[in-house]
Amino acid sequence: MGTFSWLKGLWGHPTDSRTGPSFDERLARNVAKTVDFAIAQTNPRLKSVEACRDRLDAPVRQAVDYLHAQMRFLPACIDVVAADWAETPLLRAFFATAEDMPRTLGASGSLRTLFDKHPDLDTACFALGVTYRERSAEGMSPRGLEAQADLSRRIACFDSPWVMTCGTDEHEVRQQLYNEWLNYLIAQSMAKIGEQRKTRQALEERHALLREHLKRRHSQQADDTDSATESVSDTALTAQFQESERQLAGLGDAQVQLEAELACLCEAFSSVQSYLDFEHKHLRLSHLNEILAEDSLTVGYKVAFTQVTFNGVPNASRAFFIGRVARSELPTTRINFSGAERLL
């Protein structure tokens, strides 16, 4: 079963009530579903650990509560129409020109596939991501009745727009974003578990190699005439073997290993705010994307978007908004016959 099918409906619809018994019941189901999904993705044998689900319940609930809160802060979906680029501040910020909009959306294979799979679908929703950063610049800035020189200005930079995910409606896109964040947390636990397994495997291989060396030395000992050198060598080899044996014993048996893997999973969910940092930005920008103060006399416009920073592995940061686009906004694909001829 795919990730989306497993977690479908996990965070609920935006219009669902956030209080009362019905919400508590939905939250409990969502937490239980996330626990089962995390175990299945990490290591199904974790079920054998005593009170596994009970120990995961609190950290998973913490992560679910946090992600639900971030989802509620996401700006509402906007219509993405190339003709409205000049009058829509957010589109002007994310796209350098109106022509960039159909070009970017048309380059999305997932968006085209979605429309192809649903011939009757007139519009689709998507999350559009960009690389966002702020840089400093020097210049003049009016403040009050006077112009002040040599002020440090901040410029908002939106680069390389791309379609992160898409769906038939806004709710589906939000669900997919939520699933991505959950999977990222699970991936952090998997990375640490992978390191633990790698360490154990390296120790086991070294231990087996030392044991084989000792066995060979013992079998050759009767024929070796240099008994003094043999004795010193055997002592050093035996010490290394015993040390590797001690290190392996320190890692514990298979059940102890499962306990350690469960601890990694619990840590990933309980550290959700460390791994996923959200900033719900509300900026006032000039037409040159300078970030303006509220009392600035420069003509500006307000934009709202979300920036999420992934502080684990891999490390990344992106700003995004949720948009709705009509099928007619996507450019028509054309077959490049000249290019095809060159390939023949």
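Scope of the values below: all heavy atoms of this structure, side chains included, with no hydrogens, waters or symmetry mates. Because the structure is predicted, anything quoted here is derived from the model rather than measured.
The only member of Ile78, Leu91, Leu105 that meets side chain to side chain contact (heavy atoms under 4.5 Å, CB included) when paired with Leu128 is Leu105.
No more than 12 heavy atoms of other residues, nucleotides or ligands sit less than 6.0 Å from atom CZ of Arg45. In this structure, Glu50 places its CD atom where only 12 or fewer heavy-atom neighbours from other residues, nucleotides or ligands lie under 6.0 Å away.
His68 and Tyr178 have tilted rings, their planes meeting at an angle from 30° to 60° on a 0 to 90° scale. Relative orientation of the Phe321 and Phe94 rings is perpendicular, given thresholds of 30° and 60° on the angle between their planes. Ring pair Tyr184/Phe310 is perpendicular by interplanar angle, where above 60° counts as perpendicular and below 30° as parallel.
Ion pairing of Glu259 with Arg55 is present here, as a side-chain N (NZ or NE/NH1/NH2) and a carboxylate O approach within less than 4.0 Å. Ion pair Glu195/Arg200 not flagged as a salt bridge, since none of the NZ, NE, NH1 or NH2 atoms sits closer than 4.0 Å to an Asp/Glu carboxylate oxygen. No salt bridge links Glu99 with Arg103; every basic N to acidic carboxylate O contact stays at or beyond 4.0 Å. At a threshold of 4.0 Å, the pair Asp169-Arg324 does not count as salt-bridged, since none of the basic side-chain nitrogens sits closer than that to a carboxylate oxygen. A salt bridge does not link Asp116 to Arg112: none of the charged nitrogens lies less than 4.0 Å from a carboxylate oxygen. Salt-bridge formation is detected for the pair Glu180/Arg318: a Lys NZ or Arg NE/NH1/NH2 atom is positioned less than 4.0 Å from an Asp or Glu carboxylate oxygen.
Looking at heavy atoms from C-beta onward, Tyr66 lies in side-chain contact with Phe278 at the 4.5 angstrom threshold.
With hydrogens and angles left out, the side-chain atoms of Gln175 and Asn179 include a donor and acceptor closer than 3.5 Å.
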Problem - From CA spacing to verdict: side chain to side chain donor-acceptor pair (under 3.5 Å), Thr306, Glu279 - result: CA-CA 6 Å; Thr306 297; Glu279 289 186 73; over 6 Å; no
Practice task
Quick one: do Tyr301 and Glu87 satisfy side chain to side chain donor-acceptor pair (under 3.5 Å)? Show the steps, please.
Solution key: CA-CA 10 Å; Tyr301 52 90; Glu87 290 76 31; over 6 Å; no
